[in-house]
Amino acid sequence: MDSYDIIVVGAGHAGCEAALAATRMGARVLLLTINLDHIAYMSCNPAVGGLGKGHLVREIDALDGEMGVNTDAAGIQFKVLNMKKGPAVRATRIQTDMALYARRMKRRLEETGGLSIRQGVARNLVIEKGAAAGVETMLGERLTAPAVIVTTGTFLRGLIHVGLEHFEGGRLGDMPSVGLSDNLRELGFQLGRLKTGTCPRLDGRTIDFSKMVPQPSDDPPVPFSFLTGEVKNRLVPCYLAYTNGRTHDVIRTGFDRSPLFTGVIKGTGVRYCPSIEDKIVRFSDRPRHRIFIEPEGLDTVEYYPNGLSTSLPLDIQAAMLRTVEGLEEVQITRPGYGIEYDFSYPTQLYPTLETKLVGNLYFAGQINGTTGYEEAAAQGLMAGINAALRLRGEGDFVLGRHEAYIGVLIDDLVTKGVDEPYRMFTSRAEHRLLLREDNADLRLTEKGHGIGVVGDGRYARVLEKKRKIGEAFSLLRSVRLKPTKQTQKLLGDNGIETITNPLTLEELLKRPDVSFDDLKGIHEGLGDIDSDIAYQVEVEVKYRGYTDRQLELVARTRKLDDRRIPRDLDYAGVSGLSREVVERFLKVRPSTLGQALRIPGVTPASITALLVHFKKKGMP
């Protein structure tokens with residue numbers, strides 16, 4: 001019988017980050033996966049990041065996670081989205097070489113001391129005295145550990161659909177996990193059913209790219225990781241194409257054999273990433289839809305037609321594709337498909353991602369109702385950290401909504417729950433001006449170092465960055481310009497409007513039409529400041545009024561988030577709570593008054609009732 005500190009079930013993006021985080025904190029970890037050749041495999045599109053998701057990747061990186069570094073190393077096209085908008089919603093998206101991404105992540109795991117990797121299918125959780133104690137595999141192995149993290153993705157009773165044909169699978173080419181799903185039900189977990197899908201893969205040799213619009217990489221490329229220097233990867237373009245009326249007509253001919261419209265698929269799909277057949281029904285007034293033709297790697301001819309997720313019959317998929325300009329002769333290498341799978345309602349979790357039913361058992365990734373590599377990786381990271389902290393007998397590591405998108409993600413899941421696959425957007429964060437991609441290291445790295453998940457090297461870099469930012473501000477505040485003829489000429493020569501009163505360089509930088517680069521011609525000392533430091537300073541100066549207001553709001557709400565609620569509180573004994581509110585509190589078991597207030601249907605009056613109860617009982 002093999003024994004470990006932590007067992008991680010599943011080696012997708014959540015499982016990899018969970019295993020690496022726990023080992024960085026000194027735990028002996030076993031990573032158990034159905035297929036060793038598919039570690040960190042990208043089941044859907046070959047890209048990482050995007051709106052909201054890119055923020056998660058930067059935060060994972062700031063906590064010494066691997067996703068950002070791995071993406072930079074495997075990147076073949078780099079884009080920063082929303083560059084014409086404010087800094088809060090700018091987001092990085094990187095197209096990767098899928099095979100290289102998976103190979104590099106596997107190698108990283110294999111080279112990590114204290115981390116073992118094994119191929120096997122978990123059938124049952126071992127539970128002793130109400131807490132996780134290990135897993136049993138399909139082959140009868142009993143693997144023991146005082147903490148278990150389940151990151152099963154779409155594999156729990158996975159059912160794949162292509163037209164009216166369906167078969168069991170965790171994804172195309174991999175077997176599902178059936179026994180573990182049954183075991184979770186036996187333990188009392190409430191499971192639901194969700195659906196996602198993917199696009200067909202295309203043979204690039206049969207695509208006429210001359211009929212499409214090239215989408216080149218940004219130059220210079222902007223990486224994800226704060227540790228990545230200059231990107232020297234070979235870069236390739238994506239291509240933009242469109243569906244048309246003929247495409248939509250072909251799709252409609254397949255509705256009678258579509259599992260989506262014939263009721264064969266029972267699970268709830270992703271609202272924000274619908275299949276192409278769903279798009280043409282929901283948006284019937286649109287004459288066309290965009291398709292991004294994305295390379296799956298440098299050493300393969302396969303392309304991914306992002307925007308054409310489908311579970312239509314294979315013959316309809318082929319006919320549909322060949323109506324698109326540039327795809328008239330295209331050949332499909334792998335069909336698109338829909339997949340249904342079990343998930344556990346995330347209100348059954350504490351904010352640490354530990355389950356309420358079983359101690360020392362953690363869920364992370366799509367098992368919690370999310371969709372996307374980035375959301376999964378963020379949860380895996382936090383589950384790995386909290387499992388390791390539990391073994392060390394230390395406190396929980398929970399990020400607030402004002403501290404990180406990771407905090408927004410997990411709070412939404414455990415407080416509000418899900419009735420459809422959850423996807424991160426910048427609009428979900430009420431303090432998003434504080435939670436920019438560019439300052440993730442300044443927000444989180446010191447916190448991570450304090451609990452031992454961030455190494456000394458990364459921590460030293462952040463301290464040095466903070467020092468340089470402080471020096472830059474000191475310089476801007478120390479240089480004061482007077483409205484002399486010499487100053488006015490200097491300003492005019494640098495394209496800056498003249499001044500009427502004495503101003504510091506910091507006050508001058510507040511002007512919307514003045515950039516940090518503009519000031520370099522005013523004072524030669526500014527030319528030595530690194531571009532990332534200059535960006536941080538400029539954003540802080542220009543948006544200080546907005547960020548100060550957000551900080552004031554955070555300070556007011558922190559009082560409720562800092563007030564803990566006992567896990568075993570008898571809500572039925574709290575005077576002033578309606579039966580409906582009691583039921584909501586019992587379902588979520590909020591950890592703080594702030595979380596309690598964010599539960600749908602809970603009013604400020606209910607929080608007042610709790611405060612009165614605490615005072616009567618002399619509770620701190």
Side-chain angles (χ1 to χ4, degrees), residues 129-131 188 190 345-362 368 382 385-386 389-390 392-418 428-431 434-435 443 447 450-451 547-620:
K129 298 180 180 179
Q190 292 183 323
Y345 289 98
T347 50
Q348 299 171 101
L349 302 174
Y350 294 114
T352 58
L353 298 181
E354 181 187 18
T355 70
K356 297 172 183 175
L357 278 174
V358 178
N360 291 358
L361 175 64
Y362 298 79
N368 291 336
M382 297 300 285
I385 289 172
N386 279 299
L389 286 173
R390 174 62 58 84
R392 287 173 10 185
E394 300 179 10
D396 301 334
F397 185 65
V398 176
L399 294 171
R401 298 181 69 91
H402 64 287
E403 293 176 304
Y405 272 84
I406 293 175
V408 174
L409 165 69
I410 293 176
D411 184 65
D412 279 351
L413 292 175
V414 304
T415 304
K416 301 175 183 177
V418 300
R428 295 190 188 273
E430 56 269 45
H431 307 300
L434 303 176
L435 309 181
R443 291 185 277 117
K447 295 178 185 292
I451 60 171
T547 56
D548 283 350
R549 283 197 290 273
Q550 288 201 358
L551 288 170
E552 290 173 5
L553 179 61
V554 168
R556 290 199 296 269
T557 58
R558 277 289 297 276
K559 293 180 181 179
L560 290 177
D561 278 318
D562 289 342
R563 188 70 183 269
R564 307 290 297 181
I565 298 176
R567 286 188 174 183
D568 59 352
L569 179 66
D570 177 17
Y571 289 100
V574 178
S575 178
L577 294 182
S578 68
R579 181 178 299 178
E580 178 188 359
V581 170
V582 169
E583 290 175 353
R584 292 176 185 273
F585 281 156
L586 290 174
K587 178 181 178 182
V588 176
R589 284 282 177 189
S591 299
T592 68
L593 288 178
Q595 185 187 2
L597 185 57
R598 290 190 292 273
I599 297 172
V602 172
T603 64
S606 302
I607 304 304
T608 300
L610 288 175
L611 285 169
V612 171
H613 181 80
F614 293 163
K615 187 174 182 179
K616 285 181 179 178
K617 298 295 183 180
M619 299 167 62

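The first residue in the sequence is number 1, and the count goes up from there. Since this is a predicted model, take the numbers as computed values, not measurements.
With rounding to the nearest 0.5 angstrom, the CZ atom of Arg549 is 8.5 Å from the CD atom of Glu552. Of the inter-residue distances, the one linking Leu409 atom CG with Met382 atom CE reads 9.5 Å to the nearest 0.5 angstrom. Note that CG of Leu551 and CG of Leu434 are 5.0 Å apart. Values are rounded to the nearest 0.5 Å. Phe397 contributes atom CZ, which lies 8.5 Å from atom CG of Leu389 (distance to the nearest 0.5 angstrom). The CD atom of Gln348 lies 11.0 Å from the CG atom of Leu361; values are rounded to the nearest 0.5 Å.
With sequence neighbours excluded, no residue forms a side-chain hydrogen bond (donor to acceptor under 3.5 Å, both in side chains) with Thr608. By the side-chain hydrogen bond (donor to acceptor under 3.5 Å, both in side chains) test, Arg589 is found to be paired with no residue, residues two or more places apart in sequence or in another chain being considered. With sequence neighbours excluded, the residues satisfying ring-ring contact (aromatic ring centres under 6.0 Å, His included) with Tyr345 are Phe343. Scanning for side-chain contact (heavy atoms from CB on, under 4.5 Å) contacts around Pro600 gives Lys416, Arg584, with sequence neighbours left out. Annotation: side-chain contact (heavy atoms from CB on, under 4.5 Å) contacts of His402 (sequence neighbours excluded): His431, Val554, Arg558. In this structure Thr352 satisfies the side-chain contact (heavy atoms from CB on, under 4.5 Å) test together with Tyr350, Glu354, Tyr362, Asn386, Asp396, Val398, sequence neighbours excluded. Arg392 meets the salt bridge (Lys or Arg N to Asp or Glu O under 4.0 Å) test with Glu394; sequence neighbours excluded. With sequence neighbours left out, the side-chain hydrogen bond (donor to acceptor under 3.5 Å, both in side chains) criterion links Asn368 to Gln379. Residues that satisfy the side-chain hydrogen bond (donor to acceptor under 3.5 Å, both in side chains) test with Gln190, not counting sequence neighbours, are absent from this structure.
Inter-residue side-chain proximity for Leu349 and Leu413 is flagged as unmet; no heavy-atom pair is nearer than 4.5 Å. Residues Arg401 and Asp412 form a side-chain contact, since some pair of their non-hydrogen atoms from C-beta on lies under 4.5 Å apart. You'll find the side chain of Leu399 stays beyond 4.5 Å of the side chain of Ile410, heavy atoms only.
Arg564 and Phe614 make their closest contact through O-CE1, 4.4 Å (heavy atoms, listed as atom of the first residue, atom of the second, distance). Counting all heavy atoms, side chain and backbone alike, Val408 lies closest to Arg428 at CG1-O, 3.6 Å. Of all heavy-atom pairs between Ala404 and Leu435, the closest is N-CD2, 3.5 Å. Of all the heavy atoms in Ile607 and Ala596, the pair that sits closest is CD1-CB, 3.8 Å.
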Exercise answer: donor-acceptor pairs, residues 568-579 side-chain atoms, under 3.5 Å, sequence neighbours excluded:
residue	atom	partner	partner atom	Å
Asp570	OD1	Ala572	N	3.3
Ser578	OG	Val581	N	3.2

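Counting only residues at least two apart or in different chains, salt bridge (charged side-chain N to carboxylate O under 4.0 Å, His left out) contacts with residues 609-620 are absent. Under the side-chain hydrogen bond (donor to acceptor under 3.5 Å, both in side chains) criterion, the residue pairs touching residues 592-601 are Asp411-Arg598, Thr415-Gln595, Asp561-Arg598, with sequence neighbours excluded.
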